Amino acid sequence: LAQNKMTVRKIVVQDHIIAAEDVSPENPEEQELILASVLCSDATCQDGTEIGDPTETALVRFAQNCGLSDEKMRGEHARISEIPFDSDRKLMSTLHFRNERYEMLIKGAPDVLLARCTSVEQNGEVLPLTDEIRSAIVDQNRDFSSQGLRVLAFAKKVLSENRPLTLEDETDLIFTGLIAMMDPP
(Lines give C-alpha, C1' and ligand atoms only; values in the text may rest on other atoms or scores of the structure.)
Protein backbone atom coordinates (compact mmCIF):
# COMPACT_ATOMS: atom_id res chain seq x y z
CA LEU A 1 0.00 0.00 0.00
CA ALA A 2 1.08 3.54 -0.70
CA GLN A 3 0.11 6.99 0.54
CA ASN A 4 -0.93 8.13 -2.95
CA LYS A 5 1.25 11.20 -2.44
CA MET A 6 4.18 11.26 -4.86
CA THR A 7 7.35 12.76 -3.38
CA VAL A 8 10.51 13.88 -5.17
CA ARG A 9 13.48 11.76 -4.00
CA LYS A 10 16.34 12.62 -6.37
CA ILE A 11 17.24 14.91 -9.23
CA VAL A 12 19.92 14.69 -11.89
CA VAL A 13 21.52 17.82 -13.36
CA GLN A 14 24.90 18.09 -15.07
CA ASP A 15 25.20 14.29 -14.61
CA HIS A 16 25.18 14.73 -10.80
CA ILE A 17 22.65 12.80 -8.72
CA ILE A 18 21.36 14.92 -5.85
CA ALA A 19 19.08 13.67 -3.07
CA ALA A 20 15.98 15.85 -2.70
CA GLU A 21 17.01 17.05 0.76
CA ASP A 22 20.41 18.17 -0.60
CA VAL A 23 19.09 20.25 -3.50
CA SER A 24 20.21 23.88 -3.32
CA PRO A 25 17.95 26.49 -4.91
CA GLU A 26 21.04 28.74 -5.06
CA ASN A 27 22.69 26.35 -7.53
CA PRO A 28 21.76 27.71 -11.00
CA GLU A 29 21.40 24.30 -12.67
CA GLU A 30 19.29 22.88 -9.85
CA GLN A 31 17.16 26.02 -9.75
CA GLU A 32 16.67 25.83 -13.52
CA LEU A 33 15.36 22.25 -13.29
CA ILE A 34 13.01 23.13 -10.43
CA LEU A 35 11.74 26.16 -12.35
CA ALA A 36 11.10 24.06 -15.45
CA SER A 37 9.27 21.44 -13.40
CA VAL A 38 6.89 24.07 -12.00
CA LEU A 39 6.36 26.08 -15.19
CA CYS A 40 5.65 22.90 -17.18
CA SER A 41 2.96 21.83 -14.71
CA ASP A 42 -0.71 22.61 -14.12
CA ALA A 43 -0.81 21.69 -10.41
CA THR A 44 -1.22 24.04 -7.48
CA CYS A 45 -0.48 23.49 -3.80
CA GLN A 46 -1.75 26.19 -1.45
CA ASP A 47 -2.52 26.08 2.27
CA GLY A 48 -2.39 22.29 2.35
CA THR A 49 -4.75 21.92 -0.63
CA GLU A 50 -3.30 20.20 -3.67
CA ILE A 51 -5.02 20.45 -7.02
CA GLY A 52 -3.79 18.47 -9.98
CA ASP A 53 -2.08 15.28 -11.00
CA PRO A 54 -0.13 13.66 -8.11
CA THR A 55 3.09 13.74 -10.14
CA GLU A 56 2.72 17.45 -10.83
CA THR A 57 1.71 18.30 -7.25
CA ALA A 58 4.91 16.49 -6.14
CA LEU A 59 6.94 18.82 -8.38
CA VAL A 60 5.26 21.95 -7.00
CA ARG A 61 5.59 20.73 -3.40
CA PHE A 62 9.27 20.00 -4.04
CA ALA A 63 9.84 23.57 -5.24
CA GLN A 64 8.08 24.89 -2.15
CA ASN A 65 10.16 22.61 0.11
CA CYS A 66 13.27 24.10 -1.53
CA GLY A 67 12.05 27.55 -0.49
CA LEU A 68 10.87 28.59 -3.94
CA SER A 69 7.45 30.07 -4.64
CA ASP A 70 5.56 28.47 -7.48
CA GLU A 71 3.28 31.53 -7.63
CA LYS A 72 6.27 33.85 -7.99
CA MET A 73 7.89 31.66 -10.67
CA ARG A 74 4.66 31.49 -12.66
CA GLY A 75 4.11 35.23 -12.21
CA GLU A 76 7.58 36.10 -13.51
CA HIS A 77 7.42 33.64 -16.41
CA ALA A 78 3.81 33.50 -17.54
CA ARG A 79 2.74 30.68 -19.84
CA ILE A 80 2.25 31.96 -23.38
CA SER A 81 1.30 28.73 -25.13
CA GLU A 82 1.16 25.03 -24.35
CA ILE A 83 0.70 21.56 -25.74
CA PRO A 84 -1.03 19.66 -22.91
CA PHE A 85 0.18 16.28 -21.73
CA ASP A 86 -1.02 13.48 -23.93
CA SER A 87 -0.71 9.80 -23.02
CA ASP A 88 0.17 8.89 -26.61
CA ARG A 89 2.98 11.48 -26.87
CA LYS A 90 3.95 11.15 -23.18
CA LEU A 91 5.02 14.80 -23.21
CA MET A 92 3.85 18.23 -22.10
CA SER A 93 5.27 21.49 -23.48
CA THR A 94 4.85 25.10 -22.41
CA LEU A 95 6.18 28.37 -23.84
CA HIS A 96 7.51 31.22 -21.67
CA PHE A 97 9.44 34.46 -22.17
CA ARG A 98 12.62 33.96 -20.12
CA ASN A 99 16.14 35.32 -20.31
CA GLU A 100 15.11 37.76 -23.05
CA ARG A 101 13.94 34.95 -25.34
CA TYR A 102 11.06 32.57 -25.98
CA GLU A 103 11.77 29.26 -24.29
CA MET A 104 9.77 26.08 -24.63
CA LEU A 105 9.95 23.77 -21.60
CA ILE A 106 9.16 20.08 -22.06
CA LYS A 107 8.62 17.30 -19.54
CA GLY A 108 7.83 13.69 -20.18
CA ALA A 109 8.78 10.05 -20.22
CA PRO A 110 12.58 9.78 -20.32
CA ASP A 111 12.73 7.42 -23.30
CA VAL A 112 10.39 9.55 -25.41
CA LEU A 113 11.94 12.88 -24.47
CA LEU A 114 15.52 11.68 -24.83
CA ALA A 115 14.77 10.41 -28.34
CA ARG A 116 13.86 14.00 -29.27
CA CYS A 117 16.98 15.59 -27.76
CA THR A 118 20.01 16.49 -29.85
CA SER A 119 21.85 18.59 -27.26
CA VAL A 120 22.53 18.72 -23.55
CA GLU A 121 23.11 21.70 -21.28
CA GLN A 122 26.23 21.46 -19.13
CA ASN A 123 27.84 24.28 -17.16
CA GLY A 124 25.72 26.85 -18.98
CA GLU A 125 26.80 25.58 -22.40
CA VAL A 126 24.72 23.72 -24.96
CA LEU A 127 26.73 20.76 -26.22
CA PRO A 128 25.93 17.93 -28.65
CA LEU A 129 24.21 14.98 -26.99
CA THR A 130 26.79 12.28 -27.62
CA ASP A 131 26.04 8.56 -27.57
CA GLU A 132 28.07 8.34 -24.36
CA ILE A 133 26.01 11.00 -22.58
CA ARG A 134 22.74 9.55 -23.94
CA SER A 135 23.76 6.09 -22.68
CA ALA A 136 24.57 7.48 -19.21
CA ILE A 137 21.12 9.12 -19.02
CA VAL A 138 19.42 5.88 -20.10
CA ASP A 139 21.42 3.95 -17.49
CA GLN A 140 20.49 6.46 -14.78
CA ASN A 141 16.81 6.21 -15.69
CA ARG A 142 17.03 2.41 -15.58
CA ASP A 143 18.77 2.56 -12.18
CA PHE A 144 16.08 4.85 -10.73
CA SER A 145 13.32 2.65 -12.15
CA SER A 146 14.89 -0.44 -10.58
CA GLN A 147 14.69 1.39 -7.23
CA GLY A 148 10.93 1.79 -7.71
CA LEU A 149 11.19 5.47 -8.61
CA ARG A 150 9.06 7.17 -11.23
CA VAL A 151 11.25 9.30 -13.48
CA LEU A 152 10.44 12.41 -15.49
CA ALA A 153 12.84 13.95 -17.98
CA PHE A 154 13.09 17.66 -18.77
CA ALA A 155 14.28 19.55 -21.82
CA LYS A 156 14.01 22.97 -23.41
CA LYS A 157 14.19 24.66 -26.76
CA VAL A 158 14.66 28.30 -27.73
CA LEU A 159 12.16 29.61 -30.27
CA SER A 160 12.81 32.63 -32.46
CA GLU A 161 9.37 34.18 -31.96
CA ASN A 162 6.20 34.21 -29.91
CA ARG A 163 3.76 31.87 -31.62
CA PRO A 164 1.49 28.97 -30.71
CA LEU A 165 3.42 25.76 -30.09
CA THR A 166 3.05 22.88 -32.54
CA LEU A 167 3.90 19.19 -32.28
CA GLU A 168 6.75 19.83 -34.75
CA ASP A 169 8.39 22.05 -32.10
CA GLU A 170 8.97 19.00 -29.90
CA THR A 171 12.18 18.05 -31.75
CA ASP A 172 15.85 19.09 -31.55
CA LEU A 173 15.52 19.57 -27.79
CA ILE A 174 18.17 20.41 -25.20
CA PHE A 175 18.19 17.85 -22.38
CA THR A 176 18.27 19.51 -18.94
CA GLY A 177 17.73 16.80 -16.32
CA LEU A 178 15.76 14.09 -14.54
CA ILE A 179 13.54 14.12 -11.50
CA ALA A 180 12.84 10.83 -9.72
CA MET A 181 9.94 10.43 -7.31
CA MET A 182 8.21 7.79 -5.27
CA ASP A 183 4.82 7.15 -3.73
CA PRO A 184 5.88 6.38 -0.15
CA PRO A 185 4.50 3.27 1.55
Side-chain angles (χ1 to χ4, degrees), residues 8 10-18 23 27-43 53 55-56 59-60 62-63 73-74 76-145 149-181:
V8 171
K10 299 176 183 180
I11 72 168
V12 177
V13 289
Q14 311 280 329
D15 76 6
H16 299 298
I17 303 167
I18 304 142
V23 170
N27 177 296
E29 290 84 16
E30 294 170 35
Q31 182 181 34
E32 184 73 16
L33 184 60
I34 296 168
L35 178 67
S37 75
V38 169
L39 294 180
C40 194
S41 158
D42 293 324
D53 174 82
T55 301
E56 290 191 346
L59 297 172
V60 173
F62 178 61
M73 287 188 272
R74 287 176 172 150
E76 291 174 354
H77 311 290
R79 187 179 296 181
I80 299 167
S81 179
E82 74 176 286
I83 304 174
F85 178 80
D86 172 303
S87 57
D88 292 331
R89 258 178 38 258
K90 297 182 181 178
L91 298 173
M92 175 180 181
S93 299
T94 59
L95 180 65
H96 308 268
F97 188 71
R98 301 185 53 236
N99 305 320
E100 303 300 316
R101 61 192 190 183
Y102 293 99
E103 234 176 45
M104 180 172 75
L105 302 173
I106 308 95
K107 79 164 189 274
D111 57 331
V112 173
L113 189 121
L114 197 54
R116 296 167 181 249
C117 290
T118 55
S119 306
V120 61
E121 190 168 48
Q122 292 187 338
N123 303 319
E125 281 188 81
V126 176
L127 305 170
L129 182 59
T130 64
D131 290 341
E132 182 181 338
I133 295 171
R134 185 181 303 274
S135 180
I137 296 166
V138 168
D139 289 346
Q140 186 58 67
N141 178 48
R142 190 178 304 118
D143 184 47
F144 282 157
S145 296
L149 298 172
R150 172 155 188 224
V151 185
L152 281 177
F154 292 84
K156 67 182 177 182
K157 181 176 185 175
V158 176
L159 299 181
S160 59
E161 60 186 346
N162 178 5
R163 59 177 172 70
L165 294 177
T166 67
L167 294 176
E168 290 73 35
D169 290 323
E170 294 178 331
T171 59
D172 294 323
L173 306 177
I174 303 165
F175 180 83
T176 55
L178 301 171
I179 295 182
M181 54 193 87

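Keep in mind that what you see is a predicted model, and the values were worked out from it rather than measured. Along the sequence shown, the residues carry numbers beginning at 1.
We find that K107 and E56 are joined by a salt bridge, their nearest charged nitrogen and carboxylate oxygen being less than 4.0 Å apart. Electrostatic pairing of K10 and D143 does not count as a salt bridge here, judged by no charged N lying under 4.0 Å from a carboxylate O. Checked for salt-bridge contact, R134 and E132 miss the test: no charged N lies under 4.0 Å from a carboxylate O. We find that E76 and R98 are not joined by a salt bridge, their nearest charged nitrogen and carboxylate oxygen being 4.0 Å or further apart. The pair D169-R163 counts as a salt bridge, with a side-chain nitrogen and a carboxylate oxygen less than 4.0 angstrom apart.
In this structure, S119 OG and D172 CG are separated by 7.5 Å, a value rounded to the nearest 0.5 Å. How far NE2 of H16 is from CD of Q122: 8.5 Å, rounded to the nearest 0.5 Å. Once rounded to the nearest 0.5 Å, the distance linking CD1 of I133 with SG of C117 reads 11.5 Å. Atom OG1 of T94 is separated from atom NZ of K156 by 12.5 Å, given to the nearest 0.5 angstrom. Between M92 atom CE and L105 atom CG the span is 10.0 Å, to the nearest 0.5 Å. For the atom pair CE of M104 and CD1 of I174, the computed distance is 9.5 Å after rounding to the nearest 0.5 Å.
The number of heavy atoms from other shown groups lying within 6.0 Å of CG (N99) is above 12. Open room surrounds CD on E100; 12 or fewer heavy atoms of other groups in view lie less than 6.0 Å from it.
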side-chain contact (heavy atoms from CB on, under 4.5 Å) for Q140 and L178? Distances and angles first, verdict last.
CA-CA 9 Å; Q140 186 58 67; L178 301 171; 4.1 Å; yes
- Tell me, with the steps shown, if I80 and L165 meet side-chain contact (heavy atoms from CB on, under 4.5 Å). CA-CA 9 Å; I80 299 167; L165 294 177; over 6 Å; no
**Asked** R79 and D42: salt bridge (charged side-chain N to carboxylate O under 4.0 Å, His left out), yes or no, with the steps?
**Response** CA-CA 10 Å; R79 187 179 296 181; D42 293 324; 2.7 Å; yes
Assess the residue pair F154 and L33 against the criterion (side-chain contact (heavy atoms from CB on, under 4.5 Å)); give the C-alpha distance rounded to whole Å, side-chain angles, the decisive distance to 0.1 Å, and a yes or no. CA-CA 8 Å; F154 292 84; L33 184 60; 3.7 Å; yes
task: Start with the C-alpha gap between N162 and F97, add the side-chain angles, then the distance that decides, and say whether side-chain contact (heavy atoms from CB on, under 4.5 Å) holds.
output: CA-CA 8 Å; N162 178 5; F97 188 71; over 6 Å; no
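In this structure, H96 contributes its side chain and H77 its backbone to a donor-acceptor pair below 3.5 Å. With hydrogens and angles ignored, the 3.5 Å screen pairs no side-chain donor or acceptor of S135 with any backbone N or O of D131. Here the side chain of D86 pairs a donor or acceptor atom with the backbone of D88 at under 3.5 angstrom.
Counting all heavy atoms, side chain and backbone alike, A153 lies closest to P110 at CB-CA, 3.6 Å. Of all heavy-atom pairs between I106 and K157, the closest is CD1-N, 4.3 Å. Closest of all the heavy-atom pairs between L59 and V38 is O-CG2, 4.3 Å. Of all heavy-atom pairs spanning I179 and M181, the tightest one is CG2-CE, 3.9 Å. Shortest non-hydrogen contact noted between V151 and S145 is CG2-OG, 4.3 Å. Across all their heavy atoms, L113 and A155 have their closest contact at CD2-CB, 3.6 Å.
Checking E170 against S93 by side-chain atom types alone, a donor-acceptor pair falls below 3.5 Å. Of the N and O atoms on the side chains of T55 and R150, at least one donor lies less than 3.5 Å from an acceptor on the other residue.
At least one side-chain heavy atom of L129 sits under 4.5 Å from a side-chain heavy atom of L114. Using a 4.5 Å cut-off on side-chain heavy atoms (C-beta onward), Y102 and L95 make contact. Within the 4.5 Å cutoff, side-chain heavy atoms of V60 are placed close to those of R74.
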